[in-house]
Amino acid sequence: AGYIIYPQFYVNRHTVVDILKSAARKRKTDVIKQYAGGLKMAGGQVFAFAAGLLLSGTSVFESYAPFGVAFTAAMPKAGVLSAGFGAVIGYLFRWQGGDPFRYIAAVCAAMTVKFFLSGFIKSIKKPLFSSITAFLAIFATGMAAASINSFEPGDIIMYTAESLMAAGCAYFIHRAAAALSSKRGIRGMSQQEIVSIVITLALIMLPLAGVNLAGVSPARIIVVICIMAAARYGRETGGAIAGAAMGFAMSLAGGDYAF
């Protein structure tokens with residue numbers, strides 16, 4: 001009694017029950033992990049779309065808006081389509097700086113490079129490649145626009161500066177995305193990774209800086225919290241760089257170029 005007889009061995013019935021319970025628990029855990037993975041992927045796609053939408057509607061010096069292109073160029077293959085579609089919609093409906101089709105062409109160029117060439121170029125996962133992609137996308141379309149005015153020096157200088165800004169933004173966004181997807185937690189990140197995340201947050205806060213609730217700016221409150229977090233986990237260097245980057249971003253958002 002208490003044993004189940006099989007042709008070649010004896011198994012205690014309590015052992016069989018334990019095995020079945022363990023299998024059921026493992027199956028339940030696998031299902032939960034699948035749902036969690038699906039939700040995480042969906043959340044990442046929604047975030048990429050929303051960030052592309054917000055950043056594409058943000059301009060500096062009234063008529064230059066390279067941030068949506070930079071964000072698209074910095075995204076990995078899994079998120080580049082969502083980011084690109086968000087940026088295209090943002091340039092079409094949110095940006096008020098002029099003709100949006102130059103930036104839409106740049107976004108499409110960045111999407112093509114990151115999505116279709118990811119299997120052929122090994123260095124595509126490096127931040128420098130994202131910077132080069134953003135720079136070339138903005139610079140090529142900028143030179144096409146400058147050709148209408150016979151390549152005036154002022155236009156060439158501004159389009160080159162815009163291209164460099166896009167390259168710098170793409171570099172930090174790429175590093176921030178890689179750090180956040182590494183699952184190491186903020187305590188396991190380097191100072192450079194923490195600063196990259198803070199700079200990326202500063203860019204995302206740009207379009208929200210003008211939003212005030214009862215005279216209070218939520219974006220600026222978030223900026224202060226980010227600076228304190230960078231100082232806490234990135235020490236003096238991280239706090240100083242985060243403060244400079246956030247201050248620069250908020251000044252751009254406010255239209256104060258005196259600095």
Side-chain angles (χ1 to χ4, degrees), residues 43-115 127 130-145 158-177 180 196-197 199-211 218-219 222-223 245-246 248-255:
Q45 298 296 329
V46 171
F47 175 80
F49 179 87
L53 180 67
L54 287 173
L55 289 172
S56 58
T58 304
S59 61
V60 293
F61 304 112
E62 297 182 356
S63 57
Y64 299 94
F67 303 112
V69 179
F71 185 79
T72 303
M75 285 292 98
K77 181 180 179 180
V80 69
L81 292 181
S82 297
F85 288 141
V88 168
I89 293 174
Y91 283 124
L92 277 174
F93 299 106
R94 293 192 67 251
W95 187 52
Q96 305 297 327
D99 186 4
F101 293 103
R102 173 193 161 222
Y103 291 107
I104 292 175
V107 169
C108 292
M111 289 172 62
T112 301
V113 170
K114 296 302 292 283
F115 188 81
S130 295
S131 296
I132 294 173
T133 301
F135 178 88
L136 292 178
I138 292 292
F139 187 77
T141 55
M143 290 301 101
M158 291 304 297
Y159 287 134
T160 303
E162 184 187 31
S163 303
L164 291 172
M165 181 181 292
C169 292
Y171 178 88
F172 289 112
I173 294 171
H174 183 115
R175 293 207 60 176
L180 291 173
S196 296
I197 293 172
I199 291 176
T200 302
L201 288 174
L203 293 174
I204 295 175
M205 289 297 105
L206 273 173
L208 303 176
V211 178
I222 295 174
V223 162
M246 290 291 192
F248 182 83
M250 292 300 101
S251 297
L252 285 177

>> Would the distance check show the side chain of K114 and the main-chain N or O of M75 forming a donor-acceptor pair, the cut-off being under 3.5 Å?
In response: yes
>> Using 0.5 Å steps for rounding, measure from the CZ atom of F135 to the CE atom of M165.
In response: 13.0 Å
> Any idea how Y103 and Y91 line up, ring-wise: parallel (<30°), tilted (30 to 60°), or perpendicular (>60°)?
Replying inline: parallel
> Atom OH in Y171, atom CD1 in I132: separation rounded to 0.5 Å?
Replying inline: 12.0 Å
>> Does H174 form a side chain to side chain contact (heavy atoms under 4.5 Å, CB included) with S196? I'd like the steps, not just the answer.
In response: CA-CA 8 Å; H174 183 115; S196 296; over 6 Å; no
>> Could you report the tightest heavy-atom contact between T72 and A87, atom names first, then the distance?
In response: OG1-CB, 3.9 Å
>> Quick check: closest heavy atoms across L53 and S56, and the distance to 0.1 Å?
In response: O-OG, 3.0 Å
>> With a 4.5 Å cut-off on side-chain heavy atoms, are F47 and I204 touching?
In response: yes
> Measuring from S131:OG to F172:CZ, what's the distance to the nearest 0.5 Å?
Replying inline: 8.5 Å
> Just how far is it from atom CD1 of I173 to atom CG of L201, taken to the nearest 0.5 Å?
Replying inline: 10.5 Å
>> Quick check: do I138 and R102 have side-chain heavy atoms less than 4.5 Å from each other?
In response: yes
> Which pair of heavy atoms, one from S130 and one from A73, lies closest together, and at what distance?
Replying inline: OG-O, 3.3 Å
> Quick check: does any side chain N or O of S163 sit under 3.5 Å from a backbone N or O of F139, one acting as donor and the other as acceptor?
Replying inline: yes
>> Looking at every heavy atom in both A110 and T133, which two are closest together, and how far apart are they?
In response: CA-CG2, 4.0 Å
> Can you tell me how far the CG atom of L54 sits from the CG atom of L203, to the nearest 0.5 Å?
Replying inline: 12.0 Å
>> Can you tell me how far apart CG (L164) and OH (Y159) are? Round to the nearest 0.5 Å.
In response: 15.0 Å
